[in-house]
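Have a look at the structure below, then the notes.
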Amino acid sequence: MGVVTPPKTPKQDRSRATRLRLLEAAVACLAEHGWAGSTVSVVAERAGVSRGAAQHHFPTREDLFTAAVEYVAEERSAALRALPVQARAEVVGALVGLYTGPLFRAALQLWVAASNEEQLRPRVTELEARVGRETHRIAVELLGADEERPGVRETVQGLLDMARGLGLANLLTDDAARRRRVVTQWAALLDGVLD
């Protein structure tokens, strides 16, 4: 009898898997080490691939990190869109959750780097505008908000701005108890404005 060898994974599937590992490793590195400590070599090592493989997928450091933040933002948007219909307090909690996890920490590191690096700034500015519009659109849907009504658009944006502020507060200390109280209050405020 001949030796049975397991079927090989097609090259395209391996390439997609490598790309995904690189994206996830890049976000984790940004969140843990910041921009200065997140090099292509560090990300490649964490992803378990060679530096050359990383540069094959992402020719520049800027390509890698903007793609990584965009990838995770798209994943979070998909998760938000998949949420079942919930009470406003749960929706507000889910939206605030966007700004308290590793994606926000990674995005924040990228924003800070972009504020000082000319070649990165336009890419991050465009990415943030796109992600911001999508997050706003999803928030409107989840909240059942009618933006034709005066003040509703600004109220939803205020919620997202508040959520970002809570995310910043959470960077230095665990702010979960205060955050729960603020989420409850914002949900009540939204009920008054949106109903």
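Remember, predicted model here, so these are calculated numbers, not experimental data. Values below: all heavy atoms of this structure, side chains included; hydrogens, waters and symmetry mates excluded.
- Of the possible donor and acceptor atoms, one in the side chain of Asn170 sits under 3.5 Å from a partner among the backbone N and O of Asp175.
- Residue pairs that meet the side-chain hydrogen bond (donor to acceptor under 3.5 Å, both in side chains) test with at least one member in residues 97-109, sequence neighbours left out, do not exist here.
- Between the side chain of Ser38 and the backbone N or O of Cys29 there is at least one donor-acceptor pair closer than 3.5 Å.
- Using a 4.0 Å cut-off between charged side-chain N and carboxylate O, Arg19 and Glu24 make no salt bridge.
- A donor-acceptor contact closer than 3.5 angstrom links the side chains of Glu147 and His136.
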As a quick check of understanding, evaluate side-chain hydrogen bond (donor to acceptor under 3.5 Å, both in side chains) for Gln185 and Arg181, giving each step before the final call. CA-CA 6 Å; Gln185 182 61 31; Arg181 292 190 306 272; over 6 Å; no

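- Annotation: side chain of Val96 is in contact with side chain of Met162 (closest heavy-atom distance under 4.5 Å).
- Rounding to the nearest 0.5 Å places CD of Glu126 at 15.5 Å from CZ of Arg121.
- Enclosure of atom CD in Glu134 by more than 12 non-hydrogen atoms of other residues, nucleotides or ligands within 6.0 angstrom is indicated.
- The closest donor-acceptor contact from the side chain of Ser115 to the backbone of Val112 lies under 3.5 Å.
- If you chain together hydrophobic residues whose side chains sit under 4.5 Å apart, Val42 and Leu22 never meet in one group.
- Atom CD in Glu128 sits 10.0 Å away from atom CG in Leu110 (nearest 0.5 Å).
- One finds a salt bridge joining Asp161 and Arg164 here, because a Lys/Arg side-chain nitrogen approaches an Asp/Glu carboxylate oxygen to under 4.0 Å.
- For Glu75, the side chain to side chain contact (heavy atoms under 4.5 Å, CB included) partners are Tyr71, not counting sequence neighbours.
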Without placing hydrogens or testing angles, list every side-chain donor-acceptor pair under 3.5 Å for residues 188-195, not counting sequence neighbours.
unit_1, atom_1, unit_2, atom_2, d
Asp191, OD1, Arg88, NH1, 2.9
Asp195, OD1, Arg88, NH1, 3.0
Asp195, OD1, Arg88, NH2, 3.3
Asp195, OD2, Arg88, NH1, 3.4

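- The two residues Ala44 and Ser50 have their closest heavy-atom pair at CB-O, 3.7 Å.
- Side-chain contact between His57 and Ser15 is present, with heavy atoms from C-beta onward closer than 4.5 Å.
- Taking all atoms of both residues into account, the shortest heavy-atom contact from Val183 to Gly93 is CG1-N, 3.7 Å.
- Although no hydrogens or angles enter the test, the distance criterion places no donor-acceptor pair under 3.5 Å between the side chain of Arg46 and the main chain of Ala25.
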Step-by-step side-chain contact (heavy atoms from CB on, under 4.5 Å) determination, Phe65 to Val43: CA-CA 10 Å; Phe65 288 104; Val43 171; 3.6 Å; yes

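- Within a 6.0 Å radius of CD in Glu148, other residues, nucleotides and ligands contribute 12 heavy atoms or fewer.
- Taking CG of Asp63 as the reference point, atom CZ of Phe58 lies at 8.0 Å (rounded to 0.5 Å).
- Side-chain contact between Val152 and Asp146 is absent, with no heavy-atom pair separated by less than 4.5 Å.
- The distance from atom OG1 of Thr135 to atom CG of Leu142, rounded to the nearest 0.5 Å, is 10.5 Å.
- Trp186 places a side-chain heavy atom less than 4.5 Å from the side chain of Leu159.
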Output, in order, the C-alpha distance, side-chain angles, deciding distance and verdict of side-chain contact (heavy atoms from CB on, under 4.5 Å) for Leu166 and Arg178. CA-CA 9 Å; Leu166 289 174; Arg178 183 175 74 91; 3.8 Å; yes

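- Counting all heavy atoms, side chain and backbone alike, Val156 lies closest to Ala139 at CG1-CB, 3.9 Å.
- Counting heavy atoms from C-beta on, the side chains of Leu168 and Phe104 come closer than 4.5 Å.
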